[in-house]
Amino acid sequence: MSSEESSTGANFIKTLIQEDLESGKHKTIVTRFPPEPNGYLHIGHAKAICLNFGLASDFNGRCHLRFDDTNPIKEEDEYVNAIREDVSWLGFDWGEHLYYTSSYFEQLYRYALQLIEKGKAYVCSLTTEQMREYRGTLTEPGRLSPYRDRTVEENRDLFGRMRAGEFPDGTHVLRAKIDMAAGNLNLRDPILYRILHASHHRTGDEWSIYPMYDFAHGQSDSIEAVTHSICTLEFEDHRPLYDWFIRELGIFAPRQIEFARLNLSYTVMSKRKLLQLVQEKYVSGWDDPRMPTLVGMRRRGYPAAAIRKFCERIGVGKGASWIDLAVLEDCVREELNETAPRAMAVIHPLKVVLTNYPQEQVEELTAAVHPQKPEMGSRTIYFSRQFYIERDDFMEEPSKKFFRLGPGREVRLRNAYIIRCDEVVKNAAGEIIELQCSADLATLGANPTDGRKVKGTIHWVSAPHALSIEILQYDRLFSVENPDKGEDYRQNLNPGSLQKIENVYAEASLVNALPGVPYQFERTGYFCVDPVDSCGSKPVFNRIVTLRDSWAKEQGK
RNA sequence: UGGGGCGUCGCCAAGCGGUAAGGCACCGGAUUUUGAUUCCGGCAUUCGCAGGUUCGAUUCCUGCCGCCCCAGCCA
């Protein structure tokens, strides 16, 4: 990461940390990114990752990667591996600090025992339904569990037998004894441990009881000496509970600070829904280029730097925020404009024959890899009598504002000559199938000497040298800004989110394009070879993002 | 009629008692062999509303109003 990229923007979390440092509360800070390995990371997680790792680097502290794996039923190694890869790809390094909540199971168990000994936790044998009834509602206090007064000995014994696997799932839980009348529901004797005869991805069948997230998270932070525990808003209500545990246990107290999670327009961000899209085959997988997942974006061709830039740009706050997809796309364009080599490809071809150009002649022309960056070098493109241009670059009856090709009009061929359209060839159905043009042979790398102005420049690909490729044009996954508004978000899926175009002509140099490496197809957009779909005979390019198009905007008016 | 938060431009977001940064979007215009990029310029006399304190309030106080989260043996 470049230094200029490192976060400079102010936000309330930095301010709070700054205060803790200046007051001498801490000499250095420790943060952590604590994903549950039950799904793939998405752009919302990227915000948390950039925040936590960014804070650590801003203040010369460190950031841990900890898997909060307290629910064996949903968690898998596949996810921990994918998550590690995603975080690394995003550009962050946790060094030695890779942890798992499951590594703390024994310690957590001892913490629970401590609470039992203090009379602050008890084994409750209410059923799930009963417990719900006893919990009360938002406006009515709950009722005390009939098991609340079990003796310490009884609790110790029962809890030990829960661990030993003597009871079936759901028969008992360990609860904290706090306050059934608390306005904050999290304090109404929350469950600490539940019985789960399930195999854990790391501890196997060692345990038949597992701690609840609430009983594990804060203490895990404490064990790791996390100074600033950054989490999302919905955990604000849980903070008093975490503080209660820390106090009762007398252990190191991290400071929790909550921020608003990311919402991005035209997509959904819940893991449940993303999983559903995968399972119900609305997309090809977690890495479908339309998915807001990091694997999806990576495959699509979004550079990690663009995602980091995005996370920096959107800022951090406490108000529920909706970020316009345009912000992300702008970050991608900004990054790609700097780094992507240029090339030409004709997506909807229209054949052109240059009548005044020798039949067999082929010229090797030189074109800049990047017009603003000569240091990126140049490439060779072939020019011949027959080539393709974009159908949209020709209009039989052009308006005055259209400055591309039309009957009798002139246009510049990018990196080549100025040509004039002399004749339009149509088939029996009246469709335009070919243009007969003539070139001004004195305009290669030069403007006309007679002073005439040619405003338009269009791209082209020599017919005999064209590389046949396929293009996958990706668009937003949903057709409405907030897919969750309505009965079923799936009804808002954008039917045109994937458009396959099979006969695209690309300049020959693109044979060397490596999977995942972005190119700018001039005047069109950014594309890269899809690593998965390109296994066939033709290279398949994903459209990463279009170029800005003020002409299209003009047309739309 | 419980608890916890949040309200600064269409969307994000700085600001923390001294007279409204920045980005995206949008609108003009210049340069351009990408209608791209770049570049200039425009875009909140006003900070949810109403009072109060103060020489002075987006910043402090009070009261309203609006929005979000919480009743998983999920995280």
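It should be emphasised that the depicted structure is a prediction, and the values quoted were computed from it without experimental measurement. Labels below follow one simple rule: chain letters A, B, ... track the order of the sequence lines, proteins then strands, and each chain is numbered from 1.
For the pair Arg135(A) and rC73(B), the criterion of a side-chain N or O lying under 4.0 Å from OP1 or OP2 is met.
Residue contacts for Leu241(A): at a heavy-atom cut-off of 4.0 Å it reaches no nucleic acid atom on any strand shown. Among the heavy atoms of the strands lying under 4.0 Å from Asp237(A) is at least one base atom, whether or not backbone atoms are also near. Backbone-only engagement by Asp330(A) is indicated by non-hydrogen atom pairs under 4.0 Å involving sugar-phosphate atoms exclusively. Nucleic acid contact for Thr524(A): none, since no nucleic acid atom lies under 4.0 Å from a heavy atom of the residue. Across all strands shown, Ile209(A) has no heavy atoms under 4.0 Å from either base or sugar-phosphate atoms.
For Thr137(A), whose side chain is taken as the heavy atoms from C-beta onward, the closest listed nucleotide among rA71(B), rC73(B), rG4(B) is rA71(B). For Ser321(A), the side-chain atoms get nearest to rC12(B) when compared with the rest of rC12(B), rC73(B), rG5(B). Each of rC24(B), rC27(B), rG3(B) was ranked by its minimum atom distance to the side chain of Ala326(A); first place goes to rC24(B). Set against rA71(B), rC73(B), rA75(B), the side chain of Leu138(A) has rA71(B) as its closest nucleotide.
Nucleotide rG72(B) carries a syn base; the chi torsion (O4'-C1'-N9-C4 or O4'-C1'-N1-C2) is within 90° of 0.
Between Tyr100(A) and Phe67(A), the ring-plane angle classifies as parallel under the 30° and 60° cut-offs.
Between Tyr242(A) and Phe235(A), a ring centre-to-centre spacing not shorter than 6.0 Å is recorded. For Phe215(A) and Phe245(A), the ring centers are positioned less than 6.0 Å apart.
On the P atoms, rC55(B) is 32 Å away from rA14(B), given to the nearest whole Å. A gap of 15 Å separates the P atoms of rC68(B) and rC11(B), to the nearest Å.
Enclosure of atom CZ in Arg261(A) is not indicated, since only 12 or fewer non-hydrogen atoms of other residues, nucleotides or ligands lie within 6.0 angstrom.
In terms of polar N and O atoms assigned as donor or acceptor, the side chain of Asn184(A) never comes within less than 3.5 Å of the base of rG4(B) in a complementary pairing. Side chain Gln520(A) to base rU34(B): a donor-acceptor pair is found below 3.5 Å.
Summarising the geometry, the separation between CZ on Phe235(A) and C1' on rG72(B) is reported as 12 Å, rounded to the nearest angstrom.
Taking a pair to require two hydrogen-bonding distances under 3.5 Å in either a Watson-Crick or a G-U wobble arrangement, rG7(B) pairs with rC65(B).
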